[in-house]
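Both backbone and side-chain heavy atoms feed into the values below; hydrogens, waters and symmetry mates do not. Just so you know, these numbers come straight off a predicted model, no measurement behind them. First the proteins, then the strands, lettered A, B, ... as listed; each starts at 1.
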Protein chains: 2
Amino acid sequence: MSDKQSPSELSRRQALTLPLAAAAVGLLAPSLAKAAADDPLPSWNDSRSKTAILDFVGRVTKEGGSDFVPVEDRIAVFDNDGTLWSEQPAYFQFFFALARVKQLYPEHPEWENQQPFAAAISGDMKTLAESGEKGMATIVMATHAGMTTAEFAQLVVDWATTAKHPRFNRLFIDLVYQPMLDTLALLRQNGFKTYIVSGGGIEFMRPWTEKVYGIPPEQVVGSSIVTKFEMKDGKPVLMRLPKIDFIDDGPGKPVGINQFIGRRPIFAAGNSDGDLEMLQWVTGGQGPRFGMLVHHTDEKREWAYDRQSKVGRLDKALDAAVAAKWTVVDMKWDWAKIYPFGG
Amino acid sequence: MSDKQSPSELSRRQALTLPLAAAAVGLLAPSLAKAAADDPLPSWNDSRSKTAILDFVGRVTKEGGSDFVPVEDRIAVFDNDGTLWSEQPAYFQFFFALARVKQLYPEHPEWENQQPFAAAISGDMKTLAESGEKGMATIVMATHAGMTTAEFAQLVVDWATTAKHPRFNRLFIDLVYQPMLDTLALLRQNGFKTYIVSGGGIEFMRPWTEKVYGIPPEQVVGSSIVTKFEMKDGKPVLMRLPKIDFIDDGPGKPVGINQFIGRRPIFAAGNSDGDLEMLQWVTGGQGPRFGMLVHHTDEKREWAYDRQSKVGRLDKALDAAVAAKWTVVDMKWDWAKIYPFGG
């Protein structure tokens with residue numbers, strides 16, 4: 001997507017050309033090569049954002065230092081949509097729901113004349129958008145409930161391993177941000193427990209987050225519908241009911257963090273107004289704290305949007321970031337690489 | 001409490017007397033001494049229960065064996081009241097609530113003429129019991145809500161480090177079962193992640209479970225009231241509201257396990273009918289599974305109760321245990337020691 005050279009590409013080229021240079025200049029070149037190999041954030045350009053992350057990790061892990069944080073309190077929380085993977089032109093879970101509507105349509109011929117289903121089937125995105133939150137909820141309930149948790153997990157796996165994003169013609173789970181994968185890895189190498197805290201469905205994420213992000217199911221917090229224990233043909237199952245249980249967004253995020261984790265994290269990353277309260281909660285505690293906002297500024301390699309966007313609107317949180325001194329990541333300038341496959 | 005000799009007491013005596021014996025019989029005695037020192041469940045008498053636990057742990061950790069379970073799936077869940085600590089003559093959280101009523105009484109003179117508060121203040125347990133679940137809920141809401149999560153945690157810590165059980169005149173948190181502490185340690189040594197899944201309040205347990213059981217806050221699942229994010233004097237807080245959020249008991253336990261952990265555990269321990277569905281859910285999965293019921297049979301060292309008890313009733317689950325081949329632990333015979341301080 002871009003002709004910018006990423007540090008990891010750079011280091012690969014260096015690996016090829018440096019042996020000669022090393023022979024020529026003595027010790028300098030090998031130490032440069034070592035620095036590139038040792039870079040814990042190779043997909044980040046050298047920038048204030050990168051320095052801020054490395055500085056924070058250095059301070060909280062320095063034993064005897066005034067900002068040292070014991071391992072058990074090194075908790076980091078990450079929003080998912082727009083923070084760990086893309087969220088345009090619509091939340092990816094919405095594509096999953098639309099695919100489910102089309103799958104289920106043969107069993108529901110009445111949907112032909114029922115909105116918002118008719119719009120979903122015909123791909124009439126304008127009508128679908130006009131159906132608003134109520135329309136979305138109707139579609140989610142019809143497509144995400146009425147089955148066991150195990151059956152739903154299988155549907156998610158089937159979709160995640162086959163469905164492709166319309167712009168990139170890649171699996172949706174390929175559209176994760178390499179610099180954030182670097183950040184997750186850096187934090188974990190330094191004793192952090194990394195969590196997802198997302199407005200997305202908790203059971204929509206858990207089947208693939210371990211493989212994609214290295215985040216196990218028990219470290220995923222998200223929105224949920226009600227489940228009910230039942231014996232079905234003599235076997236215990238959990239049935240998914242068409243009823244909202246918890247919305248893990250906005251002021252719900254600190255609530256979800258407290259409910260699931262029971263500790264106050266010291267590091268939070270988000271990208272939208274839905275992450276404002278999470279960032280306030282995390283950075284409002286005592287001791288060293290890190291708040292990060294991913295600002296989508298790169299329409300060439302990804303998308304550019306903020307205050308006016310319907311998906312992932314970043315307005316109030318952007319203002320708050322200045323006052324609170326959160327690190328605002330400028331995707332275009334701070335990220336050498338967007339996706340693992342390039343970009 | 002008992003004149004039975006625990007294996008750990010035994011091993012201490014052996015350590016004193018065995019050197020002479022070892023000199024007399026050669027290699028036999030040192031190998032016996034080593035066996036005692038290596039016993040991973042020293043507070044358990046040699047019994048079918050102990051053998052069953054050791055056999056299960058051996059099978060699931062044997063690489064290449066047909067019952068091998070990868071580390072990430074080694075999840076064990078434990079009920080708390082009556083399984084990890086005592087629950088008589090009433091749930092310990094109830095003592096906490098009564099202490100809170102007495103603390104708050106000066107601010108609520110109207111309670112003098114209001115039930116169930118009047119009964120709580122005067123210690124009229126009969127009237128209190130007659131107020132039933134509704135009465136209990138009234139007391140919990142009046143004593144557990146209307147403050148921040150941080151303020152509540154401090155109240156719990158203050159209580160846990162000072163309040164004493166009427167029968168033993170010991171801190172309530174001292175009345176934990178040494179054989180279960182041994183079991184938790186054994187499982188963790190073998191790669192298990194140990195969780196509490198309790199009907200008790202999640203925020204009532206989290207302030208002390210790490211210190212007492214080695215179980216961190218993020219591995220505690222319990223009942224909860226609603227919390228709400230607010231800015232208070234410019235600081236973010238979570239306010240506890242007088243409204244039930246989730247009851248983690250009976251059929252709620254598999255729901256809570258799925259919600260918080262997102263994996264199906266392979267080991268579950270409980271002691272009452274409130275644990276029935278959890279045991280069904282855990283042992284109903286494929287592959288090796290372990291279900292344990294702690295049967296309270298020792299009125300001398302602890303309490304003896306089951307089918308008729310108002311607290312921790314064990315009736316349906318006891319019948320189910322036979323059919324499902326869960327391990328029913330007989331406290332009197334299987335446990336060499338009850339509490340860390342003896343008993």
Side-chain angles (χ1 to χ4, degrees), chain A residues 72-73 75 148-150 153 193 195 202-203 205-207 209-210 215-222 224-232 234-241 245-246 250-265 276-286, chain B residues 72-73 75 148-150 153 193 195 202-203 205-207 209-210 215-222 224-232 234-241 245-246 250-265 276-286:
Chain A
E72 61 269 25
D73 289 322
I75 307 274
T148 68
T149 50
K193 231 174 179 172
Y195 284 80
I202 191 167
E203 302 215 62
M205 297 181 282
R206 280 175 165 168
T209 54
E210 186 148 32
I215 297 178
E218 62 268 30
Q219 286 163 225
V220 176
V221 181
S224 54
I225 60 176
V226 173
T227 61
K228 186 170 179 285
F229 178 83
E230 278 178 19
M231 296 301 287
K232 195 178 165 185
K235 289 257 180 194
V237 296
L238 289 167
M239 289 302 297
R240 290 170 58 82
L241 307 188
D245 176 46
F246 176 61
K253 288 204 176 192
V255 170
I257 288 170
N258 183 63
Q259 178 78 339
F260 280 74
I261 310 178
R263 301 189 203 254
R264 197 155 173 175
L276 175 60
E277 289 86 351
M278 173 172 81
L279 283 156
Q280 288 174 326
W281 174 244
V282 170
T283 63
Q286 287 187 318
Chain B
E72 62 269 24
D73 288 322
I75 307 274
T148 69
T149 50
K193 230 174 179 173
Y195 284 80
I202 191 167
E203 302 215 60
M205 296 181 281
R206 282 175 164 168
T209 54
E210 185 149 31
I215 296 179
E218 63 267 30
Q219 286 163 225
V220 177
V221 181
S224 54
I225 60 176
V226 173
T227 62
K228 187 170 178 283
F229 178 84
E230 278 179 19
M231 296 301 288
K232 194 178 167 186
K235 289 257 180 195
V237 297
L238 289 168
M239 290 301 298
R240 290 171 58 83
L241 306 187
D245 177 44
F246 176 61
K253 288 202 175 190
V255 169
I257 288 170
N258 184 62
Q259 178 79 340
F260 281 73
I261 309 177
R263 299 189 205 254
R264 196 156 175 174
L276 175 59
E277 289 86 351
M278 173 171 81
L279 283 156
Q280 288 174 324
W281 173 244
V282 169
T283 62
Q286 288 187 317

Cut-off 4.5 Å, heavy atoms of chain B, and the answer for A/Thr227 is both
Most contact-rich option vs chain B, by heavy-atom pairs under 4.5 angstrom, among A/Gly250, A/Pro251, A/Gly234, is A/Pro251
Under 4.5 Å to a heavy atom of chain A? For B/Glu230 that would be neither
Under 4.5 Å to a heavy atom of chain A? For B/Ile202 that would be side chain
| request: Run the salt-bridge test on B/Glu218 and B/Arg206 with the 4.0 Å N-O cut-off and return the result as yes or no. | output: no
* Asked: Is it true that a side-chain atom of A/Arg264 and a backbone atom of A/Trp281 form a donor plus acceptor pair closer than 3.5 Å?
  -> yes
Here the gap from B/Gln259 atom CD to A/Leu238 atom CG, rounded to the nearest 0.5 Å, amounts to 10.5 Å
Rounded to the nearest 0.5 angstrom, the CD1-OH distance for B/Ile215 and B/Tyr195 is 10.5 Å
Okay, B/Ser224 and chain A: the region with an atom under 4.5 Å from a heavy atom over there is side chain
Interface check, chain A: of B/Lys193, B/Gln219, B/Met231, most non-hydrogen pairs under 4.5 Å belong to B/Lys193
Bottom line for B/Val237: the part with an atom under 4.5 Å from chain A's heavy atoms is backbone
The reported gap from CG in B/Asp245 to CZ in B/Arg240 (rounded to nearest 0.5 angstrom) is 10.5 Å
One should read off an interatomic distance between A/Thr148 OG1 and A/Lys228 NZ, to the nearest 0.5 angstrom, of 14.0 Å
Greatest number of non-hydrogen atom pairs under 4.5 angstrom with chain B, of A/Glu72, A/Gln280, A/Lys253, falls to A/Gln280
